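Since the structure comes first, as C-alpha cells, the remarks are kept for the end.
Each chain gets a letter, A, B and so on, in the order the sequences are listed, and its residues count up from 1. Only a predicted model underlies this, so the values are computations on that prediction, with no experimental measurement involved.
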Amino acid sequence: MLDHLGDFKRDFFAGELTENNIGDEVRLLGWAESVRDHGGVIFINLRDREGVVQVVFDPSKSPKEEVEKAKKVRLEYVIGVFGRVERRPAGTENPKIPTGNIEVIGQKLLILNTCDILPFPIEDDISVNEEVRLKYRYLDIRRNKMFKNLLLRHEVYQKTREYLAGHGFLEVETPMLTKSTPEGARDFLVPSRLEKGKFYALPQSPQLFKQILMVGGIERYFQIVKCFRDEDLRKDRQPEFTQIDFEMSFVDEEDVMAISEGLIHYLWKEILGIELKLPFPRMTYKEAIEKYGTDKPDLRYGLELIDVSDIAKEVEFKVFKGAVESGGIVKGINIKGGAKLSRKEIDLLTEDAIRFGAKGMAWIKLEKEKATSPILKFFTDEQKEKLFNKMNAEDGDLLIFIADTYETTHRVLGFLRKIIAEKLNLIPKGQWKFTWVVDFPLVEWDEEENRLVALHHPFTSPKEEDLDRLDEAIADKNVALNFKSRAYDLVLNGEEIGGGSIRIHRPDIQKKIFEMLNISEEEAEEKFGFLIQALKYGAPPHGGLAFGLDRIVALMTDSDSIREVIAFPKTQKGNCPLTGAPDFVAQEQLDELGIEVEIPVNEEEG
RNA sequence: GGAGCCGUAGUUCAGCCUGGCCCAGAACGCUGGCCUGUCACGCCAGAGGUCGCGGGUUCGAAUCCCGUCGGCUCCGCCA
C-alpha cells in the first residue's frame, strides 16, 4: 500500500546535507538508489537531484513499524524520509560519497511509488545498448552523467542569454511553420489543413528571418532555436538540432567574430572555469585545405600535408608523373614513428583511401636504415634524398602519398590524417584548439546540377572589392570561382561549431548573385521574393553567425556524440525509441489534410 | 544510395570461426530465506531465454548460406 505525499515537504536535498546539519530533523524526498538489509539494520541510499545520503532504519533508534516498512523498499522506489541527521559511528564513514560522514536515522518512511525491474542499472559508467537507453530515457537521465550533461547545457543557455543580452542583443522568436526554400538541405514538410495541397516547411535555420529582423531595425538579434534538416544522421548530426543564432547591423567580419569569441570565452570561463586566449587564430580556407585536407582542421596534432608534386613529376612512376602532368598533384603525410605499422595495417589504410575516393595509396616505410616500399624503385638516389628532405623523413617514419586531382588528394589525405591520428593515439586530451577559417570561395561548381552553387548560402556577401565585377562573373564562371566570400567558420578540435557571414543587403547585388547561381528571376521572385522585397526598403548592412549548441555542449562535456547532450535524441534512422515516432496516423487525419499515402510494398518473394 | 561492425535471460557478455557432449552458460539484477553497521554487504535456495525475424543447407543450426529488420560508425548527403 503506497503512501500519499500529503503535506510532506522536502527540507533539504540529500546532497546538501553536511556535518553542520547534525542534530537537525529533516525531511527528504527521492529515490532508493541502493538498499542493504542486514536483518536488523536497514540502510537505504536516498538519491535526489543534488546527491545521495545514507538513511538508516535501526530497531534501536527507529520505530519498529518503520523498520518493517523499510524492508519492503526496492531499487528506485520513490520514498520520503523524516529523520535525524547524525554523525556516523566511528569507523563507518564512507569517503566515497560527499555525505559519507553523516547519516539520517529514519523516524518515518513514506513509500510514494514502486519501480519495476530496471532495464539497466542507474550508474555512471554503464555499457548499455543505446536503443535501450533511449527507450527508457527517463531512467537514463536519472544517471548522474546524463544529468550533469543536461545541467551544463542549461548553463550554456543561461550564460548565452546573459552574455548576448548584456551586449544589446534582443531575443526574438521566428516561426517554426515557414516556407520551403530550395538550396541547402532537404526540408521537413508540414501539410496545411486550411489550404489542402500546400505545405509549410520547418526552418533549416532562421536565416532569412534574422536578416529581415535587421531590416526591421532590431539592430542586434539572437535566439536559441531549433533547426530542422532532413538529411542522414551522424554522431554530430540530428534531424532537429539547436543553434545559438545571432545577427547584427552595421558591422563587418571583425565585429561578428569579436562577439562570437567573447561569447565562447564567457561560456568556457563561467562554466568550465577555463580562460581561453583571445583572439582565436585564423587561417584561410586555402591554407586549411592545403595543410590539413579539410575546412575544419583539427589542430591538436601534426600530420600536415606536404606537397611533393615537384619531385613526383620527375619520377618514372606513372601514377605520380601522370597525376601532375594531367593537372593534379601529389601530396604526402609523414607519419612519425609510423614504420611500426604492419603491412596489413598499411593495406587497411589503402582501403580507406580508396573508400574515400583515391585510386590507391603509395607508401614508404623507413626502418632500420633501410626503406621498404613498392614505389621506391622508381626513384633515383637524388630524388629519394630530395623527397626525404622535403618530408623531414627519418628512421622509423612511414610516408604515405596520394596522387590525384587537387580536390581528391586533399580530401582523401584529410580523412586519412584523422584516421591515423585516432589509430596511433596522437590526439591529446583536454586541449581546446580553436581556429577561425576565413576567405572561403563564394561559390563552387556542382557537377550534378551543372551550375555554380553557394558554398555558404546564397545570401553571403562577396568581398567588397569584387562587387563591381559581378557582371563579369555572371558571364564567366571562372571569374566567379575566384571570388572570396565574407564568410567565416569557427572550428574547435576538428569540429565546425559555428559559421556565419556578412550578408548581402542590397537588392541589386542579391539579384546578381541569384543570376550567377543560375536561379532565374521568376524562381528567385517566387522563392525569395519576400527577402528581395525587404532589402528594397532600407536594409542596413548586416551579418551574423550561428553556433551549433549541441556540438558545443558535447565538446564541453567530452561526449562522443551530441546524443549524449540532447534529452530526447533520434536514432540513425530518425526514430524515437521512447515514443515510437515517426508513426502512421489515422486515415481521418490524412483525409482532413487531403493526403493520400502510398506505402511501398516489397517486391514478391522469390 | 553504399560500406563496415553488432543483435543470445531484465542488463552486460561467453558460446558461433572448426554444426552434435548446448531442450544454451556466467556475472549483475530479480524472487524467497538467513543475517544489527553495511555502502560492489555477505551466505543459502530459486525463477528467468521466440539465440532479432524469415527462408535455406543438413540426419542435426545460436553456430553455415541467403534475405530482411533494428542499433552504431563511416562515405555520399548535410547551402
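For B/A40, the OP1/OP2 oxygens have a side-chain nitrogen or oxygen of A/Lys96 closer than 4.0 Å. OP1 or OP2 of B/U12 has not a single side-chain nitrogen or oxygen of A/Ser127 nearer than 4.0 Å. Dashed line: the shortest gap from a side-chain N or O of A/Arg563 to OP1 or OP2 of B/U73 is under 4.0 Å. Phosphate contact (OP1/OP2 of B/G32, side-chain N/O of A/Arg74, threshold under 4.0 Å): present. Remark: A/Lys573 is in phosphate contact with B/G70, judged by side-chain N or O atoms under 4.0 Å from OP1 or OP2. Taking side-chain N and O atoms only, A/Asn575 has a distance below 4.0 Å to OP1 or OP2 of B/G71. Close to B/U73, at under 4.0 Å from its OP1 or OP2, lies no side-chain N or O of A/Arg237.
No contact: A/Val453 has no heavy atom under 4.0 Å from any strand. Using a 4.0 Å heavy-atom cutoff across all strands shown, A/Phe415 reaches sugar-phosphate atoms only and no base atom. Within the 4.0 angstrom heavy-atom criterion, base atoms lie near A/Lys61. Residue contacts shown for A/Glu130 are limited to sugar-phosphate atoms, with no base heavy atom under 4.0 Å away. No contact: A/Ile42 has no heavy atom under 4.0 Å from any strand. Residue contacts for A/Arg234: at a heavy-atom cut-off of 4.0 Å it reaches a base atom on one of the strands shown. Within 4.0 Å (heavy atoms only), A/Asp116 reaches no atom of the nucleic acid at all. Across all strands, A/Ile97 comes closer than 4.0 Å to no nucleic acid atom at all (heavy-atom distances). No engagement by A/Ser34 is indicated, since no non-hydrogen atom pair under 4.0 Å with the nucleic acid exists. Residue A/Glu93 is in base contact, counting any heavy-atom pair closer than 4.0 Å across all strands shown. A/Glu103 comes within contact range of at least one nucleobase, with a heavy-atom separation under 4.0 Å. Using a 4.0 Å heavy-atom criterion, one finds that A/Ile126 contacts no nucleic acid atom at all. Within the 4.0 angstrom heavy-atom criterion, only backbone atoms of the sugar-phosphate kind lie near A/Arg355; the bases stay farther away. Nucleic acid contact class of A/Pro119 (heavy atoms, under 4.0 Å, all strands): sugar-phosphate only.
A/Met257 is not listed as a side-chain neighbour of A/Leu545, based on a closest heavy-atom distance of 4.5 Å or more.
The nearest whole Å value for the distance from the CD atom in A/Glu76 to the C1' atom in B/G10 is 15 Å. Straight-line distance from the CD1 atom of A/Ile105 to the P atom of B/U38: 14 Å, rounded to whole Å. Nucleotide B/C77 holds its C1' atom 13 Å from the CG atom of A/Asp236, rounded to whole Å. In this structure, CG of A/Asp446 is placed 9 Å from P of B/C77, rounded to the nearest angstrom. Taking atom NZ of A/Lys235 as the reference point, atom P of B/C5 lies 19 Å away to the nearest angstrom.
Along RNA chain B, the nucleotide nearest A/Asp37 and the nucleotide nearest A/Pro59 are compared for position; the residue whose nucleotide lies closer to the 5' end is A/Pro59. With RNA chain B read from its 5' end, the first of the two nearest nucleotides for A/Ser60 and A/Gln207 is the one closest to A/Ser60.
The base of B/G76 is paired with the side chain of A/Asp232 by a donor and an acceptor separated by under 3.5 Å. For a distance-only test at 3.5 Å, the side chain of A/Arg229 fails to qualify as a donor-acceptor partner of the base of B/C78. One can find a donor-acceptor pair under 3.5 Å joining the base of B/U38 and the side-chain atoms of A/Arg88.
B/G71 sits 23 Å from B/G29 when the C1' atoms are compared, rounded to a whole Å.
For A/Gln223 (side chain) and A/Thr174 (main-chain N/O), a donor-acceptor pair under 3.5 Å exists by modelled atom type. In this structure a side-chain-to-backbone donor-acceptor pair under 3.5 Å is missing from A/Gln211 to A/Leu208.
Residue A/Gln572 places its side chain closer to B/C74 than to any other of B/C74, B/G70, B/C77. Listed nucleotides B/U12, B/C41, B/C30 differ in distance to A/Ile117; the shortest reach to its side chain belongs to B/C30. Of all nucleotides listed (B/U38, B/C74, B/C78), B/C74 comes nearest to the side chain of A/Phe356. For A/Glu231, counting side-chain heavy atoms from C-beta on, the closest listed nucleotide (B/C78, B/U31, B/G37) is B/C78. Side-chain atoms of A/His38 lie closest to B/C41 of the nucleotides B/C41, B/C77, B/G70.
Looking at every heavy atom in both residues, A/Met214 comes nearest to A/Glu247 through CG-CG, 3.5 Å.
Ring-to-base geometry places A/Phe43 in a stacked arrangement with B/U38 (centre distance under 5.5 Å, plane angle under 30°).
Here A/Arg133 pairs with A/Glu564 in a salt bridge; the nearest charged N to carboxylate O distance falls below 4.0 Å. Between A/Lys226 and A/Glu240, at least one side-chain nitrogen of the basic residue sits less than 4.0 Å from a carboxylate oxygen of the acidic one, meeting the salt-bridge criterion.
Taking the six-membered ring where tryptophan is involved, the planes of A/His410 and A/Tyr406 are perpendicular, since the angle between them exceeds 60° and thus also 30°. The aromatic rings of A/Tyr285 and A/Phe440 are tilted relative to each other, their planes meeting at an angle between 30° and 60°.
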